[in-house]
Amino acid sequence: MPKLQGFQRLCPNVRLHLVYAVPGVSLEGADIVIQAHKGVVDIPANQVTVRLMHGITYPACSRGYFEKAKKSVDFATIDSGELLHDETMEVWTQWMRAAGRITFSPDRGPIYQDFNLLAAAIFAGQGIAQCPVALFEREIQSGSLILLSGRPANEDKSYWMTLRRPDKPACRQFGDWATSLTDLGA
């Protein structure tokens, strides 16, 4: 989203209509769909799908939460921190197992149905979440988001863009622009 103005400057005659994918909202009429998936996306032959970026996550929290909780939370083990969950507790469960924390259960902390709600909770200093580093590069570089471990999760998750109407010039322009932003390319 922060880079979207670059496309608008490059292609001022293309009008974007951004729709947030929520249950009950059809994306059938959309020319372009960007979604996170595990594995490879299977799409019809008349469409084009491009992997935009990985979806690897790492445990992270806001600087505010870190400063407030550093006396009470063991950030090396993340045992006593308030965990924040994106849709399910599964990613934290997988991460804990990979960290050798088999007896630890991440069954505490709120579950957010919506990633934007989770992101708001992270930056409001409410806890520790599995954060997709590709989406939070600026926040990590600025120090407002602190990565707490080098152990990843969601290693098989990626963000994919599907051009449902690659024959439309505007669709092709957006696809070319979006793939130019990533080192994964078209």
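Below, each value reflects all heavy atoms present in this structure, side chains not excepted, and no hydrogens, waters or symmetry copies. If you read the sequence from its start, that first residue is 1, and numbering goes on from there. Because the structure is a prediction, the values reported are computed rather than measured.
By the side chain to side chain donor-acceptor pair (under 3.5 Å) test, Y58 pairs with no residue at all, sequence neighbours left out. Applying the side-chain contact (heavy atoms from CB on, under 4.5 Å) criterion to A134, with sequence neighbours excluded, gives M53, H54. Evaluation of the side-chain contact (heavy atoms from CB on, under 4.5 Å) rule for A69 yields Y65, S72, V73, F75 as partners, not counting sequence neighbours. Applying the salt bridge (charged side-chain N to carboxylate O under 4.0 Å, His left out) rule to D107 yields no partners; only residues at least two apart in sequence or on another chain are considered. Remark: R108 pairs with no residue by the salt bridge (charged side-chain N to carboxylate O under 4.0 Å, His left out) rule, at least two apart or across chains. Looking at residues two or more places apart in sequence or on another chain, you find no salt bridge (charged side-chain N to carboxylate O under 4.0 Å, His left out) involving R172. Legend: residues meeting side chain to side chain donor-acceptor pair (under 3.5 Å) with K71, ordered by chain and number and at least two apart, are absent. K68 pairs by the salt bridge (charged side-chain N to carboxylate O under 4.0 Å, His left out) definition with nothing, not counting sequence neighbours.
Contact annotation: the side chain of H85 never approaches that of P110 to less than 4.5 Å [non-hydrogen atoms, C-beta and beyond]. Side-chain contact between V14 and Q173: present, with at least one pair of heavy atoms (C-beta onward) separated by less than 4.5 Å. Two residues are said to be in side-chain contact when any heavy atoms from C-beta on lie closer than 4.5 Å; L84 and Y112 meet this criterion. Counting heavy atoms from C-beta outward, T93 and R97 have side chains that approach closer than 4.5 Å. C61 is listed as a side-chain neighbour of L148, based on a closest heavy-atom distance under 4.5 Å. A heavy-atom distance below 4.5 Å is not found between the side chains of L163 and Q47. Residues T179 and M161 are in side-chain contact: their nearest non-hydrogen atoms beyond the backbone lie under 4.5 Å apart.
Counting only residues at least two apart or in different chains, salt bridge (charged side-chain N to carboxylate O under 4.0 Å, His left out) contacts with residues 80-94 are absent. Applying the side-chain hydrogen bond (donor to acceptor under 3.5 Å, both in side chains) rule to pairs touching residues 143-154 yields K38-N154, T57-N154, S142-S144, sequence neighbours excluded. Contacts classified as salt bridge (charged side-chain N to carboxylate O under 4.0 Å, His left out) and involving residues 133-146 (residues at least two apart or in different chains) are not found.
Residues L145 and S62 share a closest heavy-atom pair of CD1-N, 4.3 Å. In terms of heavy atoms, R51 sits closest to S158 at NE-OG, 2.7 Å.
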Throw together a table of side-chain donor-acceptor distances under 3.5 angstrom for residues 2-11, partners on residues two or more places apart or in other chains.
none

